Amino acid sequence: MSNGAGQGRMAITLAALGVVYGDIGTSPLYALKQSFAGNMGLQPGKDEIYAIVSLFFWTLMLVVSLKYVLLVLKADNKGEGGILTLASLAARRLSPRAHTAVMLLGLAGVGLFVGDAVITPAISVLSAVEGLEIMAPDLAPFVLPIALVVLVVLFGVQHYGTAGIGRWFGPIMLLWFTTLALLGVLEIAKTPAILGAINPLYALDFLLTRPGTAFVVLGAVVLCVTGAEALYADMGHFGRGPIQFAWNSWVMPALLLNYFGQGALLLRRPEAIENPFYLLAPGWMTLPLIVLATLATVIASQAVISGTYSVMRQAILLGFLPRQEIRHTSEHEQGQIYLPLVNWLLLGGIVLVIFWFKSSSNLAAAYGIAVTGTMVITTLLLMVVAFHRWKQPIWLIALVGTPLLVMDLAFFSANTTKFLAGGWLPVLFALLIILVMTTWKRGRELVLEKLESQALSLQGFVDNIQIRPPLRVPGTAVFLSKSIKVVPNAILHNLKHNKVIHERVIFLTIKVKDEPWLLREERLELTQIGDGFWQVVANFGYQETPSMEEIFQSCAKQALNVRLNTTSFFLSYEYLISTDIPGMARWREKLFIWMNRNSLRATDFFQIPTNRVVELGVQLEL
């Protein structure tokens with residue numbers, strides 16, 4: 001490897017430290033402490049400490065190193081990852097019923113991810129600021145206000161993008177992981193016997209001899225792998241290699257050293273269970289550590305926020321959510337986007353969660369179900385991909401996948417015991433997201449079916465125009481159409497009222513494929529269907545934002561030159577009415593109509609010059 005290539009790899013690895021590992025990197029703030037929380041029924045005795053540290057070690061090894069780093073990162077779609085990517089990969093070439101089931105799993109994963117996106121900033125920032133209580137107990141009443149101010153400022157600056165502050169994420173997280181490792185090493189040096197917890201027999205003995213207590217404690221142990229899903233979700237930004245290298249060379253050693261260090265501290269001072277992370281540090285270091293921890297949790301929150309923007313854009317373009325404003329915050333990085341509506345809904349949810357739960361310990365109960373639910377869904381989808389895409393034999397999939405699934409289900413089941421204590425929150429988010437997404441998807445299908453059943457055949461219409469042509473006027477008209485088969489209502493209304501048609505007519509349909517990116521040659525399907533009539537199908541990936549300027553630049557390369565500032569765009573607007581006609585439940589029809597009415601106008605979403613647009617309405621009964 002050349003020196004330049006090596007420096008480039010290190011730069012990407014450093015960037016991955018700042019974005020990918022922010023969430024899992026801040027787990028030491030609360031994970032071990034929660035394993036001995038009062039509701040777990042576990043005291044920090046010698047045997048219990050060895051068992052819990054052993055469980056932490058093997059959970060990180062099996063869940064992160066084996067499952068995510070070694071296996072899940074291989075399930076990429078043109079280099080992209082994430083739960084919707086995995087679902088679309090798994091759903092390909094399946095029967096319609098199986099396809100629907102797999103996509104529902106993917107939507108459940110999205111719902112849990114959104115729940116995670118609300119809980120992660122709240123629990124991370126709260127756990128960092130709670131260090132003030134260790135430094136000065138009198139400052140306890142200020143923890144909540146300070147955490148809220150940090151989060152409001154964080155969400156308030158999102159519209160500026162992360163290009164400027166993003167360059168600091170990597171160095172700050174490098175300092176954070178170095179600090180984690182050093183604090184752990186210093187404490188391990190005082191009680192090196194804790195290293196014996198690497199022996200899995202400590203964990204197995206605990207699980208077998210105290211199954212009831214162990215079952216409950218697993219709900220807290222899994223907090224050490226929160227953020228593992230980010231390894232996969234952010235693969236498109238950094239690539240598989242740098243993410244794997246960052247984990248194996250820096251993140252994993254730092255986390256393990258810190259957890260073993262916390263275990264060593266508890267062996268010497270069981271009373272340190274009050275906050276074993278902050279009590280690892282000498283007194284003079286508490287305030288700088290609080291500042292560094294707060295910065296690390298802000299970075300962890302930023303990673304989740306950016307990931308939510310990306311997932312929501314995928315859902316919009318794949319037709320699971322109404323159109324909304326998507327702003328690009330960087331001229332150079334296509335992945336850096338900002339969704340105002342998502343941003344403020346997230347902040348509202350986080351503020352409500354903080355006021356409801358009031359502390360990181362209370363929030364930990366809500367956190368586990370979101371994490372473990374996503375882990376279960378990821379394993380199920382991965383097994384489908386291994387069978388259908390990778391053509392692996394069933395016996396091998398069962399040999400590797402079954403133990404992983406059993407482990408995930410054990411963690412998930414353990415967290416269901418905390419359902420009434422807060423675990424209902426991510427379940428509620430998941431159900432709401434699934435309801436909204438399936439309602440929008442089904443509603444758009446019903447609208448399309450209605451339009452196609454009532455409309456004329458496009459080719460028949462064009463052939464009829466050729467035989468009995470109306471008055472043709474100079475210029476180009478573009479008619480946006482949801483279907484390539486039928487005539488858009490806008491051109492029929494134009495003919496009915498104006499009795500003319502432009503000398504050049506383009507029927508434009510925009511489609512989003514279940515791939516993240518498309519090659520330039522895959523972008524356009526252009527067909528001349530009559531004298532002066534063209535049909536253009538513009539294809540985009542779910543990580544791309546459709547743009548009229550880009551579409552017609554591609555048209556120009558195929559000898560169809562269109563100037564946006566002299567072209568008229570005709571759009572059909574459907575005015576929807578809820579009826580008793582079979583299709584969807586009446587209340588879902590009303591929800592769909594409300595979402596349709598409040599979705600972003602096509603002119604804004606597709607970046608069409610507003611002074612070149614004519615909108616014509618049509619009434620449809622659902």
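No experiment lies behind these values; they were computed from the predicted model shown. Hydrogens, waters and symmetry mates play no part in the numbers below; they use all other heavy atoms, side chains included. Sequence positions, counted from 1, serve as the residue numbers for this chain.
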I'd like to know whether R442 forms a salt bridge (Lys or Arg N to Asp or Glu O under 4.0 Å) with E449, so could you lay out the CA-CA distance, the side-chain angles of the two residues, the decisive distance to 0.1 Å, and finally the verdict.
CA-CA 10 Å; R442 180 58 183 153; E449 290 170 7; 3.7 Å; yes

If we only count heavy atoms from C-beta on, is the K485 to L458 side-chain gap below 4.5 Å?
no

So how far is it from S127 OG to Q34 CD, rounded to the nearest 0.5 Å?
9.5 Å

One pair to check against side chain to side chain contact (heavy atoms under 4.5 Å, CB included): I506 and F552. What are the steps and the verdict?
CA-CA 11 Å; I506 299 171; F552 289 116; 4.3 Å; yes

Hey, is the main chain of L154 close enough, under 3.5 Å, to the side chain of Q158 for a donor-acceptor pair?
yes

Not counting sequence neighbours, which residues clear ring-ring contact (aromatic ring centres under 6.0 Å, His included) with F479? List them please.
F570

Could you grab the distance from atom CG of L381 to atom CD1 of I377, nearest 0.5 Å is fine?
7.0 Å

Is a side-chain donor or acceptor of S27 paired with a backbone partner of L223 at a separation under 3.5 angstrom?
yes

Can you give me the closest heavy-atom contact between L84 and A315, atom names plus distance?
CD1-N, 4.0 Å

Show your reasoning for whether side chain to side chain contact (heavy atoms under 4.5 Å, CB included) applies to V562 and I551.
CA-CA 10 Å; V562 177; I551 290 171; over 6 Å; no

Considering all heavy atoms, the nearest L144-K358 contact
CD1-O, 3.4 Å

Give the minimum heavy-atom separation between G219 and A414, together with the two atoms involved.
N-CB, 3.5 Å

Partner set under side-chain hydrogen bond (donor to acceptor under 3.5 Å, both in side chains) for E229, not counting sequence neighbours
Y68, T378

Output all residues satisfying side-chain contact (heavy atoms from CB on, under 4.5 Å) with V486, sequence neighbours left out; order by chain, then residue number.
E452, A455, S483

Any side-chain heavy atom of K513 within less than 4.5 Å of one from F540?
no

Would you call E544 and R523 a side-chain contact if the rule is heavy atoms closer than 4.5 Å?
yes

Pairwise side-chain contact, Y232 with L86, heavy-atom cut-off 4.5 Å (strictly under)
yes

At what distance, to the nearest 0.5 angstrom, does CG of L148 lie from CG of L126?
7.5 Å

Check whether the side chains of T439 and R588 place a donor and an acceptor atom closer than 3.5 Å, and report yes or no.
yes

Any donor and acceptor pair, going by atom type alone, linking the side chain of K418 with main-chain N or O of W424 inside 3.5 Å?
no

N489: side-chain hydrogen bond (donor to acceptor under 3.5 Å, both in side chains) partners, not counting sequence neighbours
none

Do F605 and I316 come close enough that some side-chain heavy atom pair is under 4.5 Å?
yes

4.5 Å side-chain heavy-atom contact, F387 and V384
no

Backbone N/O of N343 and side chain of Y309: donor-acceptor pair under 3.5 Å:
no

Once rounded to the nearest 0.5 Å, what's the spacing between atom CG of L432 and atom CE of M437?
11.5 Å

Who passes side-chain hydrogen bond (donor to acceptor under 3.5 Å, both in side chains) against T527, sequence neighbours left out?
none

Show your working on side chain to side chain contact (heavy atoms under 4.5 Å, CB included) between R444 and N596 and close with a plain yes or no.
CA-CA 9 Å; R444 296 313 300 168; N596 187 68; 3.2 Å; yes

Straight-line distance of R323 CZ to L321 CG, nearest 0.5 Å
12.5 Å

Take F357 and I123 through the test side chain to side chain contact (heavy atoms under 4.5 Å, CB included) and record every step on the way to the result.
CA-CA 10 Å; F357 290 94; I123 191 173; over 6 Å; no

State, with a plain yes or no, whether a side-chain heavy atom of V478 is found less than 4.5 Å away from one of V505.
no

Please list, chain by chain and in numerical order, all residues satisfying side-chain hydrogen bond (donor to acceptor under 3.5 Å, both in side chains) with E525, sequence neighbours excluded.
N539

Considering residues at least two apart in sequence or located in another chain, which fulfil the ring-ring contact (aromatic ring centres under 6.0 Å, His included) criterion with F320?
none

According to ring-ring contact (aromatic ring centres under 6.0 Å, His included), who are the partners of W440, at least two apart in sequence or on a separate chain?
F592

Is I394 atom CD1 crowded by more than 12 heavy atoms from other residues, nucleotides or ligands, each under 6.0 Å away?
no

Report the C-alpha distance between T379 and K67 in whole Å, list the side-chain angles of each, state the deciding distance to 0.1 Å, and finish with yes or no for side chain to side chain donor-acceptor pair (under 3.5 Å).
CA-CA 8 Å; T379 300; K67 177 181 165 181; 2.7 Å; yes

With a 4.5 Å cut-off on side-chain heavy atoms, are K482 and T509 touching?
no

Between L363 and A122, the two heavy atoms sitting closest are CD1-CB, 3.6 Å

Donor-acceptor side-chain pairing of S124 and S301 below 3.5 angstrom:
no

Can you name the closest pair of heavy atoms from L526 and C555 and give their distance?
CD1-SG, 4.1 Å

W390 meets the side-chain contact (heavy atoms from CB on, under 4.5 Å) criterion, sequence neighbours left out, with K74, A75, L382, V385, A386, Q392

Residues I529 and V462: closest non-hydrogen pair is O-CG1, 3.4 Å

Counting distance only, does the side-chain N/O of T226 pair as donor-acceptor with the main-chain N or O of V222 below 3.5 Å?
no

Distance (rounded to the nearest 0.5 Å) between T372 OG1 and F411 CZ
9.5 Å

Taken in chain and number order and not counting sequence neighbours, the residues that satisfy side-chain contact (heavy atoms from CB on, under 4.5 Å) with I299 are F169, I172, M173

Scan the side chains in residues 97-117 for donor-acceptor partners under 3.5 Å anywhere in the protein, sequence neighbours excluded, and list what turns up.
residue : atom : partner : partner atom : Å
T100    : OG1  : P96     : O            : 2.9
D116    : OD1  : T120    : OG1          : 2.7

Non-neighbouring partners of E549 that pass salt bridge (Lys or Arg N to Asp or Glu O under 4.0 Å), sequence neighbours left out
none

